**Q** 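Take a look at the following structure, please.
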Amino acid sequence: IGADLSQIEIRVLAAESKDPGLLQAFAEGHDFHAYVASQAFGKPIDQVSYDERNQAKAVGFGLIYGQSPRGLAARLGISLDEARHLHSKVLEPFPLAREYIRQRRASGMRGEAVSFRTGRTRELAGDRHQRARCAVNYPIQGNAADVMVAGLGRAFKHLRHTSARPVLTVHDELVVECLESDVQSASNAVERALIEGMNTIYPSAERLGLTNGLVEVKSGQTWVDLK
């Protein structure tokens, strides 16, 4: 069984920033990247092109890793001016997310340590630009990792009376082995555990709609079968 935390980093950004546009996308169960593209390009979701969705996706994930317009230009093979315009256009409908990122970058440039929802802190190293990137990236990926850790603990609890056992995590995916007869019950238990993990780190997650479509579960004879 493979249980994937779908778009967990973007969900963390939504939880941290409380941006209503991001929250709406998850609460209404939209294809997230198509939704962002529809907001950025001013068209219905069903009219968003493949290229527009990919551009929105590149900007969205670039934000998590602190990517600059210059990095976006290199990734998409476009000019720096085009990248700056795209970067601004995609962020424009999400002012609170944009402000959260601005504040995190400013904090990093000042050399302030990053704190996480669990109470951990991490010092930043490097020059001011490196610190700015890390100040955005660390709390998003760190809190996302803590969601997985909390969910993993819940999974061991929910599965202890079954044949199922978690065997490893791969990025945002929890991999579980079980007897074929337990696949359905174990899948349900793992999904519930990961949702509880999200609610542990972000107690308002379910109320905000951030657990809607959070977990994607697949099963097969081998891990390769899940891909």
Side-chain angles (χ1 to χ4, degrees), residues 1-16 22-37 45-46 48 50 53-54 56-58 60-61 64-65 116-118 120 137-227:
I1 299 169
D4 185 71
L5 287 169
S6 175
Q7 297 167 338
I8 182 60
E9 290 91 352
I10 303 291
R11 292 175 193 267
V12 168
L13 175 59
E16 292 290 335
L22 293 183
L23 293 173
Q24 181 181 354
F26 290 116
E28 295 181 356
H30 293 301
D31 174 322
F32 179 77
H33 300 300
Y35 173 83
V36 171
I45 290 181
D46 59 3
V48 169
Y50 177 82
R53 184 184 184 280
N54 276 353
K57 182 177 181 179
F61 281 112
I64 295 167
Y65 295 102
F116 302 87
R117 290 284 167 169
T118 55
R120 295 180 294 114
N137 175 251
Y138 285 176
I140 292 176
Q141 289 206 297
N143 286 317
D146 287 337
V147 170
M148 175 61 80
V149 171
L152 179 60
R154 296 282 184 159
F156 274 108
K157 177 182 177 181
H158 291 323
L159 297 171
R160 67 179 182 272
H161 297 306
T162 74
S163 67
R165 293 293 179 271
V167 291
L168 78 161
T169 61
V170 184
H171 301 298
D172 301 327
E173 181 182 12
L174 173 59
V175 181
V176 174
E177 288 185 344
C178 69
L179 295 175
E180 193 166 353
S181 58
D182 287 337
V183 167
Q184 189 58 57
S185 61
S187 295
N188 293 339
V190 171
E191 179 178 8
R192 184 169 73 254
L194 292 178
I195 289 174
E196 290 173 359
M198 183 69 171
N199 286 324
T200 298
I201 305 302
Y202 292 102
S204 61
E206 195 155 3
R207 176 176 58 81
L208 293 172
L210 290 173
T211 58
N212 187 19
L214 172 65
V215 186
E216 295 180 356
V217 183
K218 297 179 181 179
S219 62
Q221 291 299 317
T222 71
W223 188 52
V224 174
D225 296 333
L226 310 185
K227 302 305 165 185

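If you read the sequence from its start, that first residue is 1, and numbering goes on from there. Because the structure is a prediction, the values reported are computed rather than measured.
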**Q** Give me each pair satisfying salt bridge (Lys or Arg N to Asp or Glu O under 4.0 Å) with a member in residues 157-176, each pair once, sequence neighbours excluded.
**A**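 For residues 157-176: Glu173-Lys227.
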**Q** Rounded to the nearest 0.5 Å, how far apart are CG of Asn188 and NE2 of His158?
**A**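 Taking CG in Asn188 and NE2 in His158, the distance rounds to 11.5 Å.
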**Q** Distance from Leu23 atom CG to Leu13 atom CG, nearest 0.5 Å?
**A** 9.5 Å
**Q** For residues Leu174 and Pro166, report the shortest heavy-atom separation together with the two atoms involved.
**A** CD1-CB, 4.0 Å
**Q** With sequence neighbours left out, what residues match Glu191 under salt bridge (Lys or Arg N to Asp or Glu O under 4.0 Å)?
**A**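 Salt bridge (Lys or Arg N to Asp or Glu O under 4.0 Å) check on Glu191 returns nothing, list empty.
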**Q** In Å, rounded to the nearest 0.5 Å, how long is the span from CG of Leu226 to CD of Gln221?
**A** 10.5 Å
**Q** With sequence neighbours excluded, what pairs up with Ser163 under the side-chain hydrogen bond (donor to acceptor under 3.5 Å, both in side chains) test?
**A**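 Ser163 satisfies side-chain hydrogen bond (donor to acceptor under 3.5 Å, both in side chains) with Asp182 once adjacent residues are dropped.
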**Q** Would you say Asp4's side chain and Glu216's backbone share a donor-acceptor pair under 3.5 angstrom?
**A**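 Pair absent, no side-chain N/O of Asp4 close to backbone of Glu216.
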**Q** How far does CE of Met148 sit from CD1 of Ile201, to the nearest 0.5 angstrom?
**A** 12.0 Å
**Q** Testing Val215, Ile8, Asp146, Leu5 one by one against Met198 for a side-chain contact (heavy atoms from CB on, under 4.5 Å), which residue passes?
**A**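 That would be Ile8.
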**Q** Given Ser6 and Arg11, is the side-chain contact (heavy atoms from CB on, under 4.5 Å) satisfied, shown in steps?
**A** CA-CA 9 Å; Ser6 175; Arg11 292 175 193 267; 4.2 Å; yes
**Q** Apply side-chain contact (heavy atoms from CB on, under 4.5 Å) to the pair Phe26 and Gln7, showing each step before the final yes or no.
**A** CA-CA 10 Å; Phe26 290 116; Gln7 297 167 338; 3.7 Å; yes
**Q** Where the side chain of Arg117 meets the backbone of Asn143, is there a donor-acceptor pair that is under 3.5 Å apart?
**A**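 A pair under 3.5 Å: no.
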**Q** Could you state the interatomic distance from CZ (Arg192) to CZ (Arg154), rounded to the nearest 0.5 Å?
**A**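 If we round to the nearest 0.5 Å, Arg192:CZ and Arg154:CZ are 10.5 Å apart.
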**Q** Does Gln24 CD have over 12 foreign heavy atoms under 6.0 Å away?
**A** yes
**Q** Checking Asp225 side chain against Thr222 main chain: does a donor-acceptor pair fall under 3.5 Å?
**A**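 Side chain of Asp225 to backbone of Thr222: a pair is present.
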**Q** Nearest 0.5 Å, what's the CD-CG distance between Glu16 and Leu22?
**A**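 Here the interatomic distance stands at 12.5 Å.
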**Q** Counting only heavy atoms from other residues, nucleotides and ligands, does the tally under 6.0 Å from CD of Glu177 exceed 12?
**A**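 Check fails, neighbour count at 12 or below.
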**Q** Applying side-chain contact (heavy atoms from CB on, under 4.5 Å), run through Leu208 and Tyr202 and close with a yes or a no.
**A** CA-CA 10 Å; Leu208 293 172; Tyr202 292 102; over 6 Å; no
